[in-house]
Structures are given as structure tokens and as C-alpha cells.
Amino acid sequence: RMARAARVLALAAEGAVGSGLGRARLVLLRPSGGARPDPQGLREAVAAAAGALQAGGLVAVPTDTVYGVACLAQDSAAVRSIYSLKGRNGAKPLAICLGDVERLYRYCHVNVPDELLRDLLPGPVTLVLKRSEELNKDLNPFTSLVGVRIPDHPFMRDLARACPGPLALTSANISSQGSTLTVLEFQDLWPQLSLVIDGGPIGDTQSPECRLGSTVVDLSVSGKFSIIRPGCALAPTVEILKKKYGLVPESS
């Protein structure tokens with residue numbers, strides 16, 4: 001199966017029609033050999049992804065933790081498509097993804113120091129804050145909170161900057177299945193995607209720790225924090241919150 005999938009990817013990279021990707025197109029973010037993407041290649045991948053998103057599509061993307069699927073958070077139809085793609089429980093929230101800390105203030109009510117945000121973002125952390133009126137009411141309508149990601153990944157930050165509003169971001173897998181570290185691992189989703197950005201393997205594909213995803217921490221209560229998901233950056237995140245900013249666990 002993996003050999004066939006590799007052949008499919010090779011065909012898609014050559015622009016072959018009917019390669020088995022369904023309607024998805026593949027964009028190789030890195031040249032063969034594992035080198036970092038050249039600036040022009042990065043720009044072209046960002047432009048292709050931004051175009052697909054603004055047309056209402058779903059795009060598979062590499063992040064600093066695992067592969068994700070993104071759409072425009074302000075596009076209600078695209079948000080519904082993500083839930084359908086994943087077979088996701090409609091009561092499970094989607095995070096938003098931004099390119100810079102400055103943009104966070106438009107979509108969230110922040111009750112922690114700006115320096116705290118910048119100590120944790122960009123990075124493998126999702127901060128849960130009170131949402132503002134600017135955010136699409138059809139995105140997580142069942143909660144007054146929203147998780148915010150700024151991945152430490154040049155493609156993701158440039159893509160978020162290239163879009164008019166926040167991205168909705170979730171892991172590239174069927175709900176309840178494991179996170180994915182290569183595009184081949186979620187090939188069952190390809191037919192429902194507009195575009196697949198192949199940034200190569202993320203981390204060590206043999207390491208369970210690399211599949212934990214971001215650490216999710218609720219900062220919506222002043223002076224306190226609550227760990228919603230331990231994720232891959234628990235210890236350094238808790239150390240910053242406790243030692244540098246004096247926040248206490250909400251259960252205290």
C-alpha cells in the first residue's frame with residue numbers, strides 16, 4: 001500500500017491527471033533530498049493554499065507538531081466540511097490558527113500579559129481564551145472560548161498572514177484515530193481535500209511522543225491555568241506559567 005501511495009504522490013507531483021488523489025492537488029514544499037524549501041517554492045505553496053482556502057476548500061498542511069487540515073474559520077460551509085471530513089463530533093471545538101500574536105487580540109479577549117503570549121507563541125501550544133464578537137458565530141457556537149494556535153512553522157505562519165481572517169485548524173486524521181506525521185498516513189482523506197501540502201515527515205515517525213499534538217492550556221480565568229491536553233510541550237509550558245507569571249492550576 002505504501003509503495004502504491006508513493007507512486008501516487010510521484011504522479012501527483014508531476015501534475016498527472018487521474019492520479020488517485022481525487023480532486024486534491026499535491027504541492028511539494030521541500031525539494032527532494034530534504035532541503036529546506038527555497039523562498040520561491042515557499043511563496044508558490046502559500047499562494048496555492050491561500051487560493052484553495054479562499055475558494056472554500058480544505059487544505060492539508062504541515063505544522064510544528066503534526067499534519068493538519070485547515071479552512072477559513074469565517075467560512076461556515078467550509079467549517080461544516082471539516083466536521084464531515086473527519087467524522088467529528090459536532091460538539092468538539094476547532095482551534096483557530098493565526099500568523100502573529102498581534103492578530104490574536106482581534107478574535108480573543110486576552111486577560112494575560114502580552115509577554116506571556118509571546119513566551120508561548122509561536123510554538124507547539126494551543127491557548128484557550130474567551131472569544132470575541134469578531135469570530136464566526138458558526139465556529140464552535142456551543143462555547144464562549146476558542147483555542148488559538150500560532151505554529152512555529154514558516155509555511156503555516158505565511159499562510160495565515162496571506163488569508164483575510166483566521167484559519168480553522170484540526171489534525172489530519174479521522175476523529176479518534178492517531179495523529180499523522182506524513183501525507184501518506186492520511187491518504188484516505190485526499191479525495192475530499194482541495195490541496196495537500198507535503199512538507200515531508202514531521203519529527204520521528206517511530207516516536208509516539210511526536211504524535212501527541214500541541215499542549216492545550218485554558219487561560220480564560222484570570223490568574224489561573226488549566227491543562228486540557230498535555231500534548232508535546234507540557235513541562236516547559238507549565239514552568240513558564242507557574243514560575244514566570246505566578247499562575248496557579250485551576251484545580252487549586
(message) Counting C-beta onward and ignoring hydrogens, is there a side-chain heavy-atom pair between Tyr105 and Ser132 closer than 4.5 Å?
(response) no
(message) What I want to find out is whether Arg106 reaches Glu133 closely enough, with some N-O distance under 4.0 Å, to be called a salt bridge.
(response) no
(message) Quick one, Leu135 and Ile96 - any side-chain contact, counting heavy atoms below 4.5 Å?
(response) yes
(request) Please determine if Asp100 and Arg103 form a salt bridge, counting it only when a charged side-chain N lies under 4.0 Å from a carboxylate O. (result) no
(message) Whether Lys244 and Glu115 form a salt bridge (side-chain N of Lys/Arg under 4.0 Å from carboxylate O of Asp/Glu) is what I want to check.
(response) yes
(request) Might you point out which heavy atoms bring Cys71 and Gly57 nearest each other, and give the distance in Å? (result) CB-O, 3.9 Å
(request) Determine whether Leu193 and Leu195 make a side-chain contact, defined as any pair of heavy atoms from C-beta on separated by less than 4.5 Å. (result) no
(message) Arg118: which residues meet the side-chain hydrogen bond (donor to acceptor under 3.5 Å, both in side chains) condition with it, sequence neighbours left out?
(response) Glu102, Asp114
(request) Could you tell me whether the side chain of Pro166 reaches within less than 4.5 Å of the side chain of Gln74, counting heavy atoms only? (result) yes
(request) Grab the two heavy atoms, one from Val59 and one from Ala52, that are nearest each other, plus how far apart they are. (result) CG2-CB, 3.7 Å
(request) I would like to know whether Ile174 and Lys86 meet side chain to side chain contact (heavy atoms under 4.5 Å, CB included); could you show each step before the answer? (result) CA-CA 5 Å; Ile174 302 295; Lys86 288 179 59 88; 5.7 Å; no
(request) Heavy atoms only: give me the nearest Leu104-Leu129 pair and the separation to one decimal. (result) CD2-CD1, 3.7 Å
(message) Assess the residue pair Asn136 and Asp75 against the criterion (side chain to side chain contact (heavy atoms under 4.5 Å, CB included)); give the C-alpha distance rounded to whole Å, side-chain angles, the decisive distance to 0.1 Å, and a yes or no.
(response) CA-CA 8 Å; Asn136 180 7; Asp75 183 336; over 6 Å; no
